[in-house]
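Heads up: the structure comes next, in structure tokens.
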There are 2 protein chains.
Amino acid sequence: MDNPTCSCFLLHEDIVEKAKKALPDENKLMDLADLFKVFGDSTRIKILYLLSVNEMCVCDIANLIGLSQSAISHQLRVLKQAKLVKYRREGKVVFYSLDDDHVSSIIKQGLEHINE
Amino acid sequence: MDNPTCSCFLLHEDIVEKAKKALPDENKLMDLADLFKVFGDSTRIKILYLLSVNEMCVCDIANLIGLSQSAISHQLRVLKQAKLVKYRREGKVVFYSLDDDHVSSIIKQGLEHINE
DNA sequence: TTATCATATGAACAATTGTTCATATGTAAT
DNA sequence: ATTACATATGAACAATTGTTCATATGATAA
């Protein structure tokens with residue numbers, strides 16, 4: 001009840017205590033938000049969706065999505081850092097694919113929400 | 001193979017065709033990205049997590065998270081627009097709660113990815 | 001009515017982000 | 001070696017976003 005950070009006062013201490021205990025620690029919540037941030041861009045969602053169909057090279061992805069090779073490469077970097085995609089090199093061509101089974105199921109859950 | 005949008009050429013037409021057919025239309029992908037964008041902020045994730053434990057008033061949320069009432073109110077607006085939370089009024093106090101079963105499962109999937 | 005409390009909203013500002021452009025790196029073929 | 005092609009990277013810029021501050025709205029009690 002002391003030091004309310006907002007202009008109002010703590011009203012329901014029991015509920016607040018219970019919720020405070022259930023809340024994961026700051027770092028984990030940050031990581032979680034960062035993960036969803038990666039899904040929260042239409043270019044990256046498109047890339048992930050495409051890769052859920054087939055592994056694919058940078059060039060094909062760029063042509064399918066209609067953005068520059070550079071833009072796609074930058075985004076693949078983000079996806080790689082989030083451990084959502086992996087890649088393999090074959091000569092000059094680099095093939096990307098999903099690195100994780102969760103990717104598809106997260107997208108699927110999201111679509112279910114969209115479709116009411 | 002015509003009109004490559006990037007500097008390189010379409011290499012794998014069969015795969016590209018297959019993926020193009022599987023890809024949902026532009027608007028749906030936009031909505032999907034917008035949905036995840038809402039999850040992609042630590043303040044909003046915290047709010048959603050708290051509400052998965054209990055319905056809660058704006059004031060309690062603000063105090064638990066340690067941000068101003070205004071900041072929380074702005075974010076609740078975003079969550080409301082995304083149909084992720086609903087509210088009920090009781091006198092001067094407004095209680096928010098999750099509007100959708102998917103919210104918890106999306107968060108759960110995300111956490112599973114985080115935990116490797 | 002007036003005062004008070006909980007919440008909502010608008011403007012403003014700093015910080016973050018996604019793209020393009022130019023260029024670098026890496027690989028293979030000539 | 002040199003050329004060509006696929007991909008990666010850095011700088012720059014416009015656009016978006018999250019917070020604060022100030023203020024408005026809505027509800028209850030005095």
Side-chain angles (χ1 to χ4, degrees), chain A residues 1 4-12 16 29-30 33-48 55-82 85-97, chain B residues 1 4-12 16 29-30 33-48 55-82 85-97:
Chain A
M1 218 207 37
T5 18
C6 73
S7 54
C8 47
F9 305 95
L10 275 183
L11 297 172
H12 318 92
V16 165
L29 290 166
M30 288 288 222
D34 285 341
L35 175 66
F36 287 123
K37 209 171 288 179
V38 176
F39 284 84
D41 172 79
S42 65
T43 299
R44 287 192 295 264
I45 277 283
K46 284 176 195 168
I47 295 177
L48 291 173
E55 77 166 359
M56 214 169 284
C57 74
V58 181
C59 176
D60 283 346
I61 299 172
N63 280 291
L64 265 169
I65 295 185
L67 277 176
S68 68
Q69 172 270 320
S70 175
I72 299 301
S73 205
H74 278 297
Q75 298 299 6
L76 283 168
R77 191 163 182 263
V78 174
L79 293 169
K80 204 168 23 176
Q81 282 169 341
V85 304
K86 58 181 192 288
Y87 64 97
R88 71 182 176 86
R89 178 148 221 147
E90 197 171 285
K92 281 182 284 192
V93 183
V94 177
F95 290 94
Y96 281 84
S97 57
Chain B
M1 220 205 35
T5 19
C6 73
S7 54
C8 47
F9 306 95
L10 274 183
L11 296 174
H12 317 92
V16 166
L29 290 167
M30 287 288 222
D34 285 340
L35 175 66
F36 286 124
K37 209 171 287 180
V38 175
F39 283 84
D41 171 80
S42 64
T43 299
R44 287 192 295 264
I45 278 284
K46 285 176 194 167
I47 295 176
L48 291 174
E55 76 166 1
M56 214 169 284
C57 73
V58 181
C59 176
D60 284 345
I61 298 172
N63 279 290
L64 265 170
I65 294 184
L67 277 176
S68 68
Q69 172 269 322
S70 175
I72 300 302
S73 205
H74 278 297
Q75 297 299 6
L76 283 168
R77 191 162 183 264
V78 175
L79 293 169
K80 204 168 25 178
Q81 282 169 341
V85 304
K86 59 182 191 289
Y87 65 96
R88 70 182 176 87
R89 178 147 222 150
E90 197 172 284
K92 279 181 286 192
V93 183
V94 177
F95 290 94
Y96 281 85
S97 56

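Here is the naming used below: chain letters follow the sequence lines, and residue numbers restart at 1 for every chain.
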Legend entry - Plane angle bin for B:Phe39 and A:Phe36 - parallel if under 30°, tilted between 30 and 60°, otherwise perpendicular: tilted
Legend entry - Atom-to-atom span, CD of A:Gln81 to P of C:dG18 - whole angstrom: 12 Å
Legend entry - Approximate separation, where rounding is to 0.5 Å, of B:Arg77 CZ and B:Ile72 CD1: 15.0 Å
Legend entry - Separation of C:dG18 P from A:Arg77 CZ (nearest whole Å): 13 Å
Legend entry - C:dT19 phosphate, OP1 or OP2, under 4.0 Å from A:Thr43 side-chain N/O: yes
Legend entry - Distance in Å, B:Ser73 OG paired with B:Leu67 CG, rounded so as to fall on 0.5 Å steps: 12.5 Å
Legend entry - Any A:Gln75 side-chain nitrogen or oxygen under 4.0 Å from OP1 or OP2 of C:dT17: no
Inset, instruction - Please report, rounded to the nearest Å, how far the C1' atom of D:dT7 is from the CZ atom of A:Phe95. - result: 13 Å
Inset, instruction - Side-chain contact test, heavy atoms from C-beta onward, threshold under 4.5 Å: evaluate it for A:Asn63 versus B:Val16 and give yes or no. - result: no
Inset, instruction - Quickly work out the B:Ile61 CD1 to D:dT19 P distance and round it to whole Å. - result: 13 Å
Inset, instruction - Specify the separation, in whole Å, of atom CD1 of B:Ile65 and atom P of D:dT19. - result: 9 Å
Legend entry - 5′-ward residue of the pair A:Asp41/B:Tyr96 relative to DNA chain C: B:Tyr96
Inset, instruction - Report, as a single string ordered 5' to 3', how protein heavy atoms within less than 4.0 Å touch nucleotides 25-30 of chain C: B base, S sugar-phosphate only, - not at all. - result: -BBS--
Inset, instruction - May I ask you to establish whether B:Lys86 and B:Tyr96 are in a cation-pi arrangement, using a distance under 6.0 Å from NZ or CZ to the six-membered ring centre and at most 45° from the ring axis? - result: no
Legend entry - Nearest-angstrom distance from the residue atom CD1 of A:Ile72 to P of D:dT9: 15 Å
Inset, instruction - Could you tell me the separation between the CE atom of B:Met30 and the P atom of C:dG18, rounded to a whole number of Å? - result: 13 Å
Legend entry - B:Cys57 SG to B:Lys92 NZ distance, which is reported to the nearest 0.5 Å: 12.5 Å
Inset, instruction - Could you list all the salt bridge (Lys or Arg N to Asp or Glu O under 4.0 Å) pairs where at least one residue sits in residues 34-48 of chain B, not counting sequence neighbours? - result: A:Glu26-B:Lys46, B:Asp34-B:Lys37
Legend entry - Side chains of B:Val94 and B:Arg88 in contact at under 4.5 Å (non-hydrogen atoms): no
Inset, instruction - Please state how far atom CG in B:Asp34 lies from atom P in C:dG18, giving the value in whole angstrom units. - result: 13 Å
Inset, instruction - For residues A:Phe95 and B:His12, determine if any side-chain heavy atom of one lies less than 4.5 Å from a side-chain heavy atom of the other. - result: yes
Legend entry - B/S/- contact track for nucleotides 20-25 of chain D, protein heavy atom under 4.0 Å: BBB---
